[in-house]
Visitor: 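Structure incoming, see below.
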Amino acid sequence: MRIDREKFTVALLKRELTQKKFSEMTGLSRGTINGVKNGRSCSDQTGRIIAKALEMDIEELREQ
């Protein structure tokens, strides 16, 4: 799955979360967070973790 880079970045900024802080919050590596933020695909499980942490529906974040 691919997470929309812009929506992901905006969601992090709105919540004042750095990649490091988000990584610690979710248990995902900083490399994974950075990769998703830069447009790399991720597993469905990782996408669900990200969406849950941002209190968003996965469909809101999924790249169209």
Side-chain angles (χ1 to χ4, degrees):
M1 123 175 359
R2 284 193 190 269
I3 301 292
D4 186 293
R5 297 176 348 175
E6 289 180 25
K7 290 179 184 176
F8 182 50
T9 300
V10 168
L12 290 175
L13 290 172
K14 281 184 179 179
R15 291 161 180 81
E16 298 180 358
L17 292 169
T18 63
Q19 288 184 35
K20 180 180 179 185
K21 191 171 181 181
F22 191 68
S23 171
E24 292 168 354
M25 186 173 113
T26 60
L28 299 170
S29 72
R30 286 176 65 191
T32 296
I33 302 302
N34 188 51
V36 169
K37 193 172 177 187
N38 287 311
R40 286 193 220 124
S41 61
C42 65
S43 70
D44 289 349
Q45 180 181 2
T46 297
R48 285 191 296 273
I49 291 169
I50 290 170
K52 183 177 179 180
L54 294 173
E55 299 176 347
M56 297 176 75
D57 187 280
I58 188 62
E59 294 306 318
E60 290 178 77
L61 281 174
R62 189 186 303 260
E63 188 174 280
Q64 301 295 322

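This one's a predicted model, so the numbers in the text were calculated from it and none came from an experiment.
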Visitor: How close do Ile50 and Phe8 get, heavy atom to heavy atom, and via which atoms?
Guide: CG2-CE1, 3.6 Å

Visitor: Hey, could you give me the OG1/CG distance between Thr9 and Asn38, rounded to the nearest 0.5 Å?
Guide: 8.0 Å

Visitor: Do Thr46 and Thr26 have side chains that approach each other closer than 4.5 Å (heavy atoms only, starting at C-beta)?
Guide: no

Visitor: Which atoms form the tightest heavy-atom contact between Ile3 and Met1, and what is the distance?
Guide: CD1-SD, 3.9 Å

Visitor: Can you tell me how far apart CG (Leu61) and CG (Leu54) are? Round to the nearest 0.5 Å.
Guide: 6.0 Å

Visitor: Identify whether the distance between the nearest side-chain nitrogen and carboxylate oxygen of Lys21 and Glu24 falls below 4.0 Å.
Guide: no

Visitor: List the atom of Arg30, the atom of Ser23, and the distance in Å for their closest heavy-atom pair.
Guide: N-OG, 3.4 Å

Visitor: Do you know the tightest heavy-atom contact between Gly47 and Ile58?
Guide: O-CD1, 3.2 Å

Visitor: With hydrophobic residues grouped by side-chain heavy-atom distances under 4.5 Å, do Val36 and Val10 end up in a single group?
Guide: no

Visitor: Can you measure from CE (Met56) to CZ (Arg15) and round to the nearest 0.5 angstrom?
Guide: 6.0 Å

Visitor: At what distance, to the nearest 0.5 angstrom, does CZ of Phe22 lie from CD1 of Ile49?
Guide: 9.5 Å

Visitor: Does atom CZ of Arg5 have more than 12 heavy-atom neighbours from other groups under 6.0 Å away?
Guide: no

Visitor: Given Arg62, which partner from the list Glu59, Glu60, Gln64 fulfils the side chain to side chain donor-acceptor pair (under 3.5 Å) test?
Guide: Glu59

